[in-house]
**Q** 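Can you read through this structure? Questions will come right after.
Values below: all heavy atoms of this structure, side chains included; hydrogens, waters and symmetry mates excluded. Here the structure is a predicted model, which means the values were calculated and not measured.
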Amino acid sequence: MRDVPTAPGRGGGRVRVRVFAAVAALVTVAAGLAVRAGADGAVAKYTGSALYTVLLCALVVFCAPRARPLAAAATALALSWAVEFAQLTDVPARLSAHSTAARLVLGSTFNAPDLFWYAVGAAAAWSLHAGVRSRTVRG
């Protein structure tokens, strides 16, 4: 797959990609808040886990707008898994006890099913990114 075309001498394509990624990140956060408001239990928890990885993917694309969809999704998945495995130590729990931001970003307790739901989120983000990118490249 080719890179998203850009205007000669300008980063126009990268700017569009960054704007799209920023909007995707905001929509993802809104979706997560809506799920939290409208659902509870396992549905909210695991939807939130998937959306966490979708958000990370949007942030990866925002920071690296030329990243290919698979690379962006794999990076987001690796980051999600790294955070989850870090929860096997006491560091995230200690940081989360003192900071709401740390609790939202790092969590506090390892939960093996989250690993699967992060992969679901990465697959969804890859699919969306690849679809948007192919439409952009075609026309």
Side-chain angles (χ1 to χ4, degrees):
M1 202 174 250
R2 300 179 346 215
D3 286 329
V4 176
T6 60
R10 292 192 225 144
R14 286 186 293 258
V15 170
R16 282 192 307 274
V17 170
R18 281 194 169 110
V19 168
F20 180 81
V23 170
L26 292 173
V27 168
T28 302
V29 169
L33 293 172
V35 167
R36 281 285 191 198
D40 58 0
V43 171
K45 178 173 180 19
Y46 295 125
T47 301
S49 294
L51 288 173
Y52 180 84
T53 304
V54 172
L55 175 61
L56 286 177
C57 190
L59 294 175
V60 167
V61 172
F62 182 83
C63 293
R66 296 179 71 181
R68 297 192 184 279
L70 184 59
T75 301
L77 180 59
L79 290 168
S80 298
W81 282 352
V83 168
E84 192 68 30
F85 283 116
Q87 293 170 359
L88 291 170
T89 71
D90 67 339
V91 174
R94 281 187 300 150
L95 293 171
S96 295
H98 301 290
S99 168
T100 301
R103 188 175 69 247
L104 291 171
V105 173
L106 301 175
S108 60
T109 307
F110 179 80
N111 184 33
D114 283 344
L115 299 171
F116 169 76
W117 291 104
Y118 294 144
V120 170
W126 167 81
S127 178
L128 178 63
H129 186 187
V132 167
R133 188 173 171 153
S134 70
R135 278 187 291 260
T136 303
V137 170
R138 273 187 294 190

**Q** Measure across R133 and R68 and return the closest heavy-atom pair with its distance rounded to 0.1 Å.
**A**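 Smallest interatomic distance, heavy atoms only, reads NH1-CA, 3.1 Å.
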**Q** If you group Ile, Leu, Val, Met, Phe, Trp and Tyr by side-chain heavy-atom gaps below 4.5 Å, do L51 and V120 land in one group?
**A**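 No, L51 and V120 fall in different hydrophobic clusters.
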**Q** Using only atom types and a distance under 3.5 Å, with no angle test, would you say the side chain of T28 pairs donor to acceptor with the backbone of A24?
**A**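 Present.
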**Q** Answer whether the closest heavy-atom distance between the side chains of D114 and K45 falls below 4.5 Å.
**A**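 Result yes, sub-4.5 Å side-chain heavy-atom pair found.
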**Q** Within the structure provided, determine whether W117 and T47 are in side-chain contact (heavy-atom separation under 4.5 Å).
**A**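 Side-chain contact under 4.5 Å: no.
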**Q** Are the side chains of N111 and Y46 in touch, meaning some heavy atoms are under 4.5 Å apart?
**A**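 Yes, their side chains come closer than 4.5 Å.
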**Q** Is there a path of hydrophobic side-chain contacts, each under 4.5 Å between heavy atoms of I, L, V, M, F, W or Y residues, that connects Y52 with L106?
**A**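 In one cluster: yes.
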**Q** Do V23 and V27 make a side-chain contact, defined as non-hydrogen atoms from C-beta onward lying under 4.5 Å apart?
**A**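 In short, these two side chains touch, coming nearer than 4.5 Å.
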**Q** Strictly distance-based, threshold 3.5 Å: is any side-chain N or O of S99 a donor or acceptor partner for the main-chain N or O of L95?
**A**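 Such a contact is absent between S99 side chain and L95 backbone.
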**Q** Please report the shortest heavy-atom distance between R14 and R66, naming the atom on each side.
**A**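 Closest pair (atom of R14, atom of R66, distance): NH1-CD, 3.6 Å.
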**Q** Are L70 and L128 connected in the hydrophobic side-chain network, where two residues link if heavy atoms are under 4.5 Å apart?
**A**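 Not linked; separate clusters.
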**Q** When the side chains of residues 35-43 are checked against the rest of the protein, which donor-acceptor pairs come out under 3.5 Å, sequence neighbours left out?
**A**
none

**Q** Which heavy atom in A58 sits nearest to a heavy atom in A21, and how many Å separate them?
**A**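 Of all heavy-atom pairs spanning A58 and A21, the closest is O-CB, 3.4 Å.
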**Q** For residues 58-108, pull every pair meeting ring pair (Phe, Tyr, Trp, His ring centres under 6.0 Å), keeping only residues two or more places apart or in separate chains.
**A**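 Every pair satisfying ring pair (Phe, Tyr, Trp, His ring centres under 6.0 Å) with a residue in residues 58-108: F85-F110.
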**Q** Verify side chain to side chain contact (heavy atoms under 4.5 Å, CB included) between L33 and V29, making sure each step is shown before the conclusion.
**A** CA-CA 6 Å; L33 293 172; V29 169; 4.1 Å; yes
**Q** Could you tell me whether a side-chain N or O of Q87 sits under 3.5 Å from a main-chain N or O of A93, the two making a donor and an acceptor?
**A**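 Not a single qualifying donor-acceptor pair exists.
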**Q** Specify the closest pair of heavy atoms between A73 and A122, including all atoms of both residues, with the distance to one decimal.
**A**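 It is CB-O, 3.5 Å.
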**Q** Identify the heavy atoms of T53 and A76 that sit nearest to each other, and give their distance.
**A**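 Minimum heavy-atom contact is O-CB, 3.6 Å.
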**Q** Which heavy atom in R18 sits nearest to a heavy atom in P65, and how many Å separate them?
**A**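 Looking at all heavy atoms of both residues, the shortest contact is NH2-CD, 3.4 Å.
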**Q** Would the distance check show the side chain of S96 and the main-chain N or O of G107 forming a donor-acceptor pair, the cut-off being under 3.5 Å?
**A**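 Yes, the answer is positive, given that a donor and an acceptor are paired below the 3.5 Å cut-off.
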**Q** Kindly indicate whether the side chain of V83, heavy atoms from C-beta on, has any atom under 4.5 Å from the side chain of L79.
**A**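 Not in contact.
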